[in-house]
Amino acid sequence: MNPIAANVATAFTAAYQHTPQLYFSPGRINLIGEHVDYNDGFVLPAAINKGVYYAVAANTSGLINISALDYNEQISIPFSDINKTSGWRNYVLSVVNEFLLLHKNIGGFDCIFSGDIPIGSGMSSSAAVEGGLAFALNEIFNAGLSRKELALLCQRAEHNFPNMKCGIMDQYANLQGKKDNVILLDCKTIEHQYYPLLLGEYIIVLINSNVHHELVTGEYNLRRKWSGDGLNILKNNAGVQSFRDKDIAGKLETCKASMSSEEYNCCKYVIEEIARTQLAVELLAQNNLRAFGQLMNATHLGLSKLYTVSCKELDFLADYAATHEAVLGSRMMGGGFGGCTINIVRKDSTAQFIEAISAAYLQQFNIKAEAYIVETSNGVEKIAP
Ligand code: GLA
């Protein structure tokens, strides 16, 4: 058994003297389609083999007992005390709260979790925390929600107590992931298709900048507002329905004068990224990884210059990688302002690439980068008993 899972199981039995159900809840990568999941776009994420392990069982005390092993912190509260709070508690309690808002009959439970996703790395530890608990409660208390409904519940949970107005990508990938596949998710219809991730002589390497700039939630919500306000101007002034309309790029130009520069740039990025993602899926199906990588590089540029969610450390990592002969594509991944870049790297040069980029990064910023070679995995699943 995975050592973290074993640890969680042992800690559970020691703390609560009964046997839990064990679950694995994955983090995610996203190949392309960034910051468009809340803009009617398409995204191409996959669940990965890094995530959060949960041990959960119903109890007879009627209390919510949750212990976050990695923080060495716990809560023990009655349902009547569920409220917005801070840190990891906000994520788990918000999930329980969403079940209550649906009038699902959730009883007291004991729960311990621990994981191996570095916080703020852009691999969505928050969705892994939410999805693992939601899946476990759904199963243990027979709440009858589908994986899709659970993903939507977790998204609402993240909007609610943590006040992060995220799109649906992370929660969806966490619950609907499929090993060896990426998910093409249409964020307008919330329908998906799987595409086999056939990388041949290439692999996916994440480089963690190990920086996590403050105010990410506020900045994220602001981008959401700028693109949303921009879309409203397009709707009111040019009869646009969504960022997917035909001739949308031309209509954006006709509305430019009515927009702030932030609104215009965000809309421009979104329109371009939706087109890039659609093209990228075709290229992946044709196994044209080289052209796919070029699109990833273009995404980074857009995120950095138009959507302004990058930072100097991520720009450095993406620029460095883009000029490395073994790298097909590189870009910042996830919400931004720190965290990881995602890179498609030739297998035989991976060690050399990691060494070179880490040395250059250390020299530039005096920060140690970390590298992770990630594999795809299934969405949340029970691993024992
Ligand atoms: C965060 C959010 C997602 C998505 C990405 C950016 O991870 O949780 O919904 O918007 O940022 O693509």
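The structure presented is a predicted model; accordingly, all values stated were derived computationally and were not measured. In this chain, residues are counted from 1 in sequence order. Atoms within each ligand, like the ligands themselves, are counted from 1 in listed order.
Counting only N and O atoms by type, the side chains of Asn49 and Ser377 include no donor and acceptor under 3.5 Å apart. Of the N and O atoms on the side chains of Ser76 and Asn65, at least one donor lies less than 3.5 Å from an acceptor on the other residue.
Of the polar atoms of Glu158, none of the N or O atoms is found under 3.5 Å from an N or O of ligand 1, judged by distance alone. Distances between N or O atoms of Met164 and those of ligand 1 include no value under 3.5 Å. Considering backbone and side-chain atoms together, Tyr38 places no N or O closer than 3.5 Å to any N or O of ligand 1.
Of all protein heavy atoms, the one closest to atom 5 (C) of ligand 1 is Met169 CE, 3.8 Å. Distance from atom 3 (C) of ligand 1 to its nearest protein heavy atom, with residue and atom name: Asp37 OD2, 3.3 Å. Among protein heavy atoms, atom 10 (O) of ligand 1 sits closest to Tyr220 OH, 2.5 Å.
Below 4.0 Å from some heavy atom of Gly167 lie the following atoms of ligand 1, by number and element: 9 (O). Every atom of ligand 1 is numbered from 1 in the order shown, and the set under 4.0 Å from a heavy atom of Gly335 is 1 (C), 7 (O), 11 (O). Contact atoms of ligand 1 toward His35: 6 (C), 12 (O) (distance under 4.0 Å to a heavy atom of the residue). Those atoms of ligand 1 that come under 4.0 Å of a heavy atom in Cys166, given as number and element, are 2 (C), 8 (O), 9 (O).
Two rings, from Tyr23 and Tyr53, have their centers 6.0 Å or more apart.
Residue contacts with ligand 1 include Arg28, since one or more of its heavy atoms lies under 4.0 Å from the ligand. For the pair Gly334 and ligand 1, a heavy-atom separation below 4.0 Å is found.
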* To do: Kindly indicate, with the supporting measurements, whether the criterion side-chain contact (heavy atoms from CB on, under 4.5 Å) is fulfilled by Phe141 and Lys104.
  => CA-CA 9 Å; Phe141 294 105; Lys104 296 291 177 187; over 6 Å; no
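For atom 7 (O) of ligand 1, the choice among Asp170, Ile168, Val36 with the nearest heavy atom turns out to be Asp170.
Partner of Phe292 under the side-chain contact (heavy atoms from CB on, under 4.5 Å) criterion, chosen from Asn287, Leu328, Leu31: Leu31. Checking each of Phe12, Tyr54, Phe24 against Phe113 for a ring-ring contact (aromatic ring centres under 6.0 Å, His included) leaves exactly one that passes, namely Tyr54.
Aromatic ring pairs are classed by plane angle as parallel below 30°, tilted from 30° to 60° and perpendicular above 60°; the pair Tyr307 and His35 is tilted.
Stacking of Lys178 on the aromatic ring of Tyr194 is recorded, both the 6.0 Å distance cut-off and the 45° axial limit being met.
Under a 4.0 Å N-O distance rule, the pair Arg224/Glu219 does not qualify as a salt bridge.
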